[in-house]
Structures are given as structure tokens and as C-alpha cells.
Novice: 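I have a structure I would like to understand better, so I am pasting it below and will then ask my questions one at a time.
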2 protein chains.
Amino acid sequence: MTQEQFSKYSFLLDRTARKVKQYAQQKFNQGDFDVTVDQWLVLKNLSENVLVSQTELAQLVFKDHPTLTRIIDILCKKGYVERVPHPQDRRSFQLHLTNEGVEKVKALKPQITKIREKAWENLNERDFEEFRRILNTIYDNLEEHSDHEA
Amino acid sequence: MTQEQFSKYSFLLDRTARKVKQYAQQKFNQGDFDVTVDQWLVLKNLSENVLVSQTELAQLVFKDHPTLTRIIDILCKKGYVERVPHPQDRRSFQLHLTNEGVEKVKALKPQITKIREKAWENLNERDFEEFRRILNTIYDNLEEHSDHEA
DNA sequence: TTTGTCACACTAATTATTGGTATGACACAA
DNA sequence: TTGTGTCATACCAATAATTAGTGTGACAAA
């Protein structure tokens, strides 16, 4: 890899990641989804994982604790998520979707799948595997304990 | 001060402190007070301070946080103390005596005063000031930030 | 273009709790 | 008398969630 490539990969990653997010958020706004992209990530993970703690969820969605606290605050305020005191550990909550949250996920999921598909037009399964392999390798190279699931 | 005195003061302090505590706890047991000496210290401070946090109380009674958590647990279980979520800070509680706790303090206070008086028979006000001055000096000598109120 | 608002990311610090270990005091059994 | 069990407390290390502050990006309004 040349010097230019070394300095370019970060730019490419950042630009693309932000574009994907901007596009999604615009579509979310147009669709009156009532959640941001990040809030959706949390809702989706809660729909797939039952009664997780905030620490566990933070690891799943790769967000830091203060940020997740605030996202959960917003989602609780919107009525989609509920904190339940942990039965065995007073330092911890268990998070779960409210009925309203379950309905919201059910309603949004197909629409969001379509939005996500747009980015992969003209790319195929082989491309996706390459994309995944390369990005995971980069991540592992920079992570002390390699422990990815993507 | 001689070498012997240097090695003796710790023994004298420890032996006396434990004797005072043993004597008090025995009297508490005989009187069916339903609290230990340390629990009483907490109750007394709560009767003199309104809606304190656990951190503030820990400083008042010079106990560490885990120990105080457990003492408060016991007193809440006995129905003398109540934890109320802090209105502005979700990490914190405000502690207060229940009505039962207030009655308990009122009932025990005169009895405990009598118990405490026993140790000062044949000693006078001058002795107490000497005692206080010396013990506070020792404490201050060993404390980085000298900030006593005894 | 500038400003304001909102949401998120990151850092440092805080509050109370958990877990483990040790000690002292006391009661009970051998 | 000695040993064991129980309870309460002290101390240490670590943990879970929160607070406060700062910065950035995205977007809307002036």
C-alpha cells in the first residue's frame, strides 16, 4: 500500500459511514419513523435480546455507557422501552421493549430493510463478503482483544 | 515519648475503643434496643440531618460506602429508615427516618445517654477537653486533609 | 453565512452496590 | 476449654449506571 492509500482509507471509511447514516436518517424523517438511526439500532437489538442490561446492550451496539443511558432515556420517554430494576443486582436494570415498542419494530423493520438495500445496488454477495472481511480485519488489527461478531 | 510509649498508644486506643463498644452493645442487648451500636450511630445522625445522601452520611459517621450500604439495608429492613430516589440525581438516594425510626430514636436516646455517661465517672470536663484535644491531634496528624468536627 | 437546536461520541468523575476476605463478639456444642 | 457457627462490621477491589462537560455533525431558521 502506498502512502496515499494509507492516508485515504480513513477518509473513505468516514465519508461512507456518514453518507449511509445521513441517507438513512433522511429516509427515517420522511417516513415519520419517530426514531433516529441510533435509536433504531437499540430497538432492533432489544427486539432480538430479552431483558438485557445496559452494559450488555452497550457491547451489542458498540456504544459507550453515557451515550446509551441517554438513548435509553429518550426511548423510555417515547414509551418504546422500559427499565426494570434487576432482580438480583441493585446496580443494574433489565431493558425490554414495551408493547408499543414491539409494534414499532414490527412496523418499521420492512421499511428499514428496503432503505438499507439501496446502498447495495450493483453489488453482490461476493462484494459483501469482501467488505465484511476487510472491515473486520481492520477492526481486529486495532482491537486488543479480537472479539467481533459482525 | 519513649519507645514503649510509642508502641503503647495504639494498644490503649484499640483496647479502650473496643471496651466502650462492647459495654454499649451489651447494654443495648439487655435493653432489647433492636439495633447495634453502629446502627444507632446512623439513626442518630439521620435524626439530626434531613434527607442526606449515603455519601454525606458516610462522611458524618466515618464509615465506608459498602459498609454503610449494608447498614442502611438492615435499617430499611427493620423499618426505621427509608431510601427515597433523589429528585435530581438518579445515582443517589435521600435517606430519612420513618415514623417508626423517629419513635425509636426518641425512645432510645435518654437510655443511651445514660449508658454513655458510665464511662466518664470520676472524670470531669477538663479531662474531656484533654481527651478530645489529644485524639483530634492524633487524627489530624494522620489525615492528609485535616478536617475534623469532633 | 451565521446561529440555534438536537442527538450522539468521548472523557472524567461520581454514587451506590457487589463480592470477597478478615476480624470481633457471642452463642452453642463437644 | 476449645472449636464451630452466626452475625455485623471494616476494608479492598471492582462494577453498573449516571452526571457533567466538551466537541462534532446534521439540519433548520434567520
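Letters go in sequence order (proteins before strands), and every chain restarts at 1.
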Novice: Going from NZ on B:K44 to CG on B:L60, what distance comes out if it is rounded to the nearest 0.5 angstrom?
Specialist: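 CG of B:L60 is found 10.0 Å from NZ of B:K44.
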Novice: Would you mind telling me which of D:dA13, D:dT18, C:dC8 lies closest to the side-chain atoms of B:P66?
Specialist: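 Per side-chain heavy atoms of B:P66, the pick is D:dA13.
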Novice: Salt bridge or not for B:E130 and B:R133, using N-O below 4.0 Å?
Specialist: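 Counted as a salt bridge, because a side-chain N and a carboxylate O are separated by less than 4.0 Å.
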Novice: Once you round it to whole Å, what is the distance between C1' of C:dA16 and CD1 of B:I72?
Specialist: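 Checked: the CD1 to C1' distance equals 11 Å.
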Novice: Between A:S92 and D:dT15, is there a side-chain N or O to OP1/OP2 distance below 4.0 Å?
Specialist: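 Answer no for this pair, as no side-chain N or O of A:S92 is under 4.0 Å from OP1 or OP2.
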Novice: Assess whether a salt bridge exists between A:R132 and A:E129, defined as any Lys/Arg side-chain N lying under 4.0 Å from an Asp/Glu carboxylate O.
Specialist: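 So A:R132 pairs with A:E129 through a salt bridge.
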Novice: Measure distances between side-chain N and O atoms of B:R91 and base N and O atoms of C:dT15, and say whether any donor-acceptor pair falls under 3.5 Å.
Specialist: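 Between C:dT15 and B:R91, which were checked side chain against base, a qualifying N/O pair under 3.5 Å is absent.
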Novice: Flag the pair A:W120 / A:F131 as yes when their ring centroid distance falls below 6.0 Å, and as no otherwise.
Specialist: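 Between A:F131 and A:W120, which both carry aromatic rings, the centre distance is below 6.0 Å.
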Novice: According to a strict under-4.0 Å criterion, is B:S53 in side-chain N/O contact with OP1 or OP2 of C:dT15?
Specialist: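 No, because none of the side-chain N or O atoms of B:S53 sits under 4.0 Å from OP1 or OP2 of C:dT15.
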Novice: Quickly work out the A:H65 NE2 to C:dA12 P distance and round it to whole Å.
Specialist: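 Distance, rounded to whole Å: 16 Å.
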Novice: Describe, in one word, how the ring planes of B:F28 and B:F33 are oriented to each other, choosing from parallel (under 30°), tilted (30 to 60°) and perpendicular (over 60°).
Specialist: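 Ring orientation of B:F28 relative to B:F33: tilted.
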Novice: Check for a donor-acceptor pair, side chain of A:D127 on one end and backbone N or O of A:L123 on the other, with a separation under 3.5 Å.
Specialist: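 Between the backbone of A:L123 and the side chain of A:D127 there is no qualifying donor-acceptor contact (under 3.5 Å).
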Novice: Look at the side chain of A:D64 and decide which nucleotide, out of C:dA9, D:dA10, D:dA17, has an atom nearest to it.
Specialist: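 Selected nucleotide: C:dA9.
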Novice: How long is the line joining CG of B:D89 and P of C:dA13, in whole Å?
Specialist: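 The answer, rounded to whole Å, is 17 Å.
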Novice: May I have the distance from B:K77 (atom NZ) to D:dC7 (atom P), rounded to whole angstrom?
Specialist: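 Going from B:K77 (NZ) to D:dC7 (P), I get 10 Å.
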Novice: If you look at every strand shown and take non-hydrogen atoms under 4.0 Å, does B:I74 touch a base, only sugar-phosphate, or nothing?
Specialist: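 Here B:I74 touches the backbone only, sparing every base.
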Novice: At less than 4.0 Å, is any side-chain N or O atom of B:K63 found next to OP1 or OP2 of D:dT9? Yes or no.
Specialist: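 For D:dT9, neither OP1 nor OP2 has a side-chain N or O of B:K63 closer than 4.0 Å.
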Novice: Would you indicate what B:N29 reaches in the nucleic acid, counting non-hydrogen atoms under 4.0 angstrom: base, sugar-phosphate, or nothing?
Specialist: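 No contact at all - B:N29 keeps every heavy atom at 4.0 Å or more from the nucleic acid.
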Novice: Between B:Q25 and B:L68, who's closer to the 5' end of DNA chain C by nearest nucleotide?
Specialist: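 First, find each residue's nearest nucleotide; the 5'-ward one identifies B:L68.
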Novice: What are the two closest non-hydrogen atoms of A:Q25 and A:T36, and how far apart are they?
Specialist: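 Closest approach of A:Q25 to A:T36: OE1-CA, 3.2 Å.
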Novice: Just the rounded figure in Å: distance from C1' of C:dA7 to CG of A:L41.
Specialist: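 One finds 14 Å between C1' of C:dA7 and CG of A:L41, rounded.
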Novice: At less than 4.0 Å, is any side-chain N or O atom of A:R90 found next to OP1 or OP2 of C:dA16? Yes or no.
Specialist: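 Negative; the distance criterion is not met.
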Novice: Any side-chain N or O of B:Q54 less than 4.0 Å from the OP1 or OP2 oxygen of C:dT15?
Specialist: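 For C:dT15, neither OP1 nor OP2 has a side-chain N or O of B:Q54 closer than 4.0 Å.
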Novice: Heavy atoms only, 4.0 Å cut-off, all strands: where does A:Q22 land among base, sugar-phosphate and nothing?
Specialist: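 Sugar-phosphate contact only.
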Novice: Using only atom types and a distance under 3.5 Å, with no angle test, would you say the side chain of A:T98 pairs donor to acceptor with the backbone of A:Y80?
Specialist: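 Checked: pair present.
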Novice: If the cut-off is 4.0 Å, is A:Q26 near the phosphate of D:dA26, judged by side-chain N/O to OP1 or OP2?
Specialist: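 Checking A:Q26 against D:dA26: no side-chain N or O falls below 4.0 Å of OP1 or OP2.
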Novice: Between A:Q94 and A:K19, which has a closest nucleotide on DNA chain D that is more 5'?
Specialist: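 Per heavy-atom nearest nucleotide, the more 5' residue is A:Q94.
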Novice: Could you pick out which residue, B:Q88 or B:K21, lies toward the 5' side of DNA chain D when each is mapped onto its nearest nucleotide?
Specialist: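 Looking at DNA chain D, the more 5' nearest nucleotide goes with B:K21.
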Novice: Please tabulate, one pair per line, each protein N/O and nucleotide N/O from nucleotides 2-5 of chain D that are separated by under 3.5 Å, including the distance.
Specialist:
none

Novice: Can you tell me which nucleotide in C:dA9, D:dA8, D:dT19 comes closest to the side chain of A:D38?
Specialist: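 Given the options C:dA9, D:dA8, D:dT19, the side chain of A:D38 is closest to C:dA9.
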Novice: In this structure, how many angstroms lie between the P atom of D:dA8 and the CZ atom of B:F33, rounded?
Specialist: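 Distance, rounded to whole Å: 18 Å.
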Novice: Any base atoms under 4.0 Å from A:T55, or only sugar-phosphate, or nothing? Heavy atoms, all strands.
Specialist: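 The answer is sugar-phosphate, as A:T55 gets under 4.0 Å only of primed atoms, P, OP1 or OP2.
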Novice: Can you check the B:F28 CZ to D:dC7 C1' distance for me, whole Å?
Specialist: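 Distance, rounded to whole Å: 17 Å.
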Novice: May I ask you to say what A:R70 touches in the nucleic acid, namely base, sugar-phosphate or nothing, with a heavy-atom cut-off under 4.0 Å?
Specialist: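 It contacts base atoms.
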Novice: What does B:T69 touch in the nucleic acid at a heavy-atom separation under 4.0 angstrom: a base, only the sugar-phosphate, or nothing?
Specialist: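 Since a base atom lies under 4.0 Å of B:T69, the category is base.
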Novice: So, are B:R18 and B:D14 salt-bridged, with charged N and O less than 4.0 Å apart?
Specialist: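 Result for this pair is yes, salt bridge flagged.
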Novice: Nearest whole Å is fine: how far is D:dC7 C1' from B:D34 CG?
Specialist: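 Answer to the nearest Å: 14 Å.
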Novice: Please classify the nucleic acid contact of B:I71 as base, sugar-phosphate, or nothing, using heavy-atom distances under 4.0 Å.
Specialist: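 Counting heavy atoms under 4.0 Å across all strands, the contact made by B:I71 is with sugar-phosphate only.
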Novice: Could you work out which one of D:dA26, D:dT18, D:dC12 sits closest to the side chain of A:R18?
Specialist: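 Within the option list, the nearest is D:dA26.
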